[in-house]
Amino acid sequence: MTRHWLSAALLSCVLAVSPGAVAEAQTLVLKGGSVYASPDAMPISDAVIVTSAGVIAAVGREGEVQIPPDARVIDCSGKTIVAGFWNSHVHFTEAVWKDAGSVPAAPLAEHMQAMLTRWGFTTVWDLGSDGRDTLALRRRVNSGEVPGPDIYTAGSIFPRDGHPAYLPAEMKLPTASTPEEAAQWARTFNDVGLDGVKLFTGSFKGTGKPVVNMDPAIAKAAVDVAHAAGKPVFAHPQNMAGVDAVIAAGVDIMAHSAPGEPAYSPERLARFKQQGIALVPTLSLFAKLPVAPEIAARLVETTVNQLKAFSDNGSPVLFGTDVGFTNQYDTTLEYELMRRALSERQVLASLTTNPASYFKAAKKGRVEKEFDADLVVLDGDPIADVRNLAKVAYTIRAGRVIYQRP
Ligand SMILES: [Zn+2]
């Protein structure tokens, strides 16, 4: 198993968006709630969490933890606190993000809240957008001007004649007809400061038309450049040929399950595990496609079964919704659908410990001393009812409240 990209370059991009980069955080105390330090932990009741300089300074029961006199104290009685959520498939492509470096902050902040922070996201992977806008947006988020999550962003590469039916025809897309062209795009993405690559190993050309797949040798050329720079590679597989290109090229993460296809075969599941491939299922995306209800039901059944087989086989699941492409911001349905295949604790892991571990963010994913103070305050216990993951009262990134329910 090789995951070369989990090295220095990814670490440096983690550091670039570390708490130190965020506008200074005051001492914040969350008092009176129940805390899940990790998805598999027993809850700590009547807990006190102290954050200082963007980091968790102490976690324990009330009375055991000293509350600094100058702290802002948030009463969390009756609430449940978990680590900040990752959404490993988003897009900053809606019109509001255009010219994100120069437009006023207020509409950016408002949309960031509607799309991400009010659902608990403190870290996101953008899998395709105009990098100029997204990198500018990241700068404004990290300066504290626009309350928002840590943002990682990947550059996309499409196969020749693989312009997807759902992207505007006039949009100019990076395409690769040869391994050299794919490698060149991946180098360009590195040069401009993107954090990873996304390959369309299968591109949807419209209903009734054949999917255009990327030759695995072309995909591998991009993978090699990204991995040499320590960066991850995602893929949009679309069909089983696209899944097989993921396996053959050494792609790290599948950005969707494969709704129009049967189950992953035992051979494919074995390769996923052997190669450390992760899956972002995006189940609610397929559930909400504008198709007849019986077709949507079949897509859901197929993708839920794929998720279950993938997870039961011991491979890592990363939460993601494709929000920004879809305007379905509410995460409730995704949690309900994932719960058909996974336990509540596994769903929580897909939001916290799994991505932190997969992307080597060693100080994220848990509510423990010296971890980043990325926290979500929920109205109810998400292990009792997975829908409580969508009932967010506060989202805190690096010890700073980036969302507070009005
Ligand atoms: Zn997407």
Side-chain angles (χ1 to χ4, degrees), residues 85-97 111-112 115-116 119 121 123-131 133-134 137 149 151-159 162-168 171 173-175 185 189 194-206 211-214 219 222 226 231-239 242-243 245-246 251-261 277-290 299 303 306-307 317-331 333-334 337-338 350-351 355 358-359:
F85 297 161
W86 292 59
N87 190 326
S88 298
H89 190 156
V90 311
H91 294 274
F92 291 106
T93 42
E94 292 164 292
V96 66
W97 309 119
H111 204 73
M112 192 70 87
M115 183 167 119
L116 295 170
W119 305 107
F121 296 113
T123 309
V124 299
W125 262 103
D126 164 72
L127 300 189
S129 62
D130 185 325
D133 290 337
T134 306
L137 180 65
I151 297 169
Y152 299 100
T153 183
S156 298
I157 306 174
F158 296 81
H163 195 118
Y166 49 79
L167 292 181
M171 191 182 270
L173 302 176
T175 61
W185 277 118
F189 297 155
L194 306 189
D195 308 301
V197 172
K198 186 210 194 162
L199 301 172
F200 281 75
T201 58
S203 186
F204 177 72
K205 298 289 287 179
V211 169
V212 175
N213 288 110
M214 183 179 281
K231 298 187 179 187
V233 180
F234 297 76
H236 175 114
Q238 192 66 37
N239 61 6
V243 170
V246 162
V251 168
D252 305 298
I253 304 124
M254 295 188 285
H256 297 285
S257 37
E261 293 279 350
I277 293 171
L279 173 67
V280 185
T282 67
L283 304 176
S284 51
L285 177 73
F286 304 124
K288 288 286 190 179
L289 284 178
L299 297 179
T303 51
Q306 287 175 357
L307 171 58
V317 175
L318 309 177
F319 181 89
T321 51
D322 211 355
V323 70
F325 171 69
T326 166
N327 60 9
Q328 188 191 334
Y329 302 155
D330 187 335
T331 49
L333 179 61
E334 187 69 19
L337 294 174
M338 289 177 86
S350 78
L351 289 157
Y358 200 81
F359 296 113

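Because the structure is predicted, anything quoted here is derived from the model rather than measured. Just so you know, ligand 1 is whichever comes first in the structure, and atom 1 is the first atom listed for that ligand.
For Lys288, the NZ atom is loosely surrounded, since the number of other residues' heavy atoms within 6.0 Å does not exceed 12.
Residue Ser88 holds its OG atom at 4.5 Å from CZ of Phe359, rounded to the nearest 0.5 Å.
Excluding waters, the set of protein N, O or S atoms lying under 2.8 Å from the Zn ion (ligand 1) comprises His89 NE2, His91 NE2, Asp322 OD1.
The distance between the ring centers of Phe92 and His111 does not fall below 6.0 angstrom.
Shown here are the side-chain contact (heavy atoms from CB on, under 4.5 Å) partners of Gln306, two or more places apart in sequence or in another chain: Met240, Ser257, Ala258, Glu261, Tyr264, Thr302, Thr303. Pro290 is linked by a side-chain contact (heavy atoms from CB on, under 4.5 Å) to nothing, counting only residues two or more places apart in sequence or in another chain. With sequence neighbours excluded, no residue forms a side chain to side chain donor-acceptor pair (under 3.5 Å) with Thr331.
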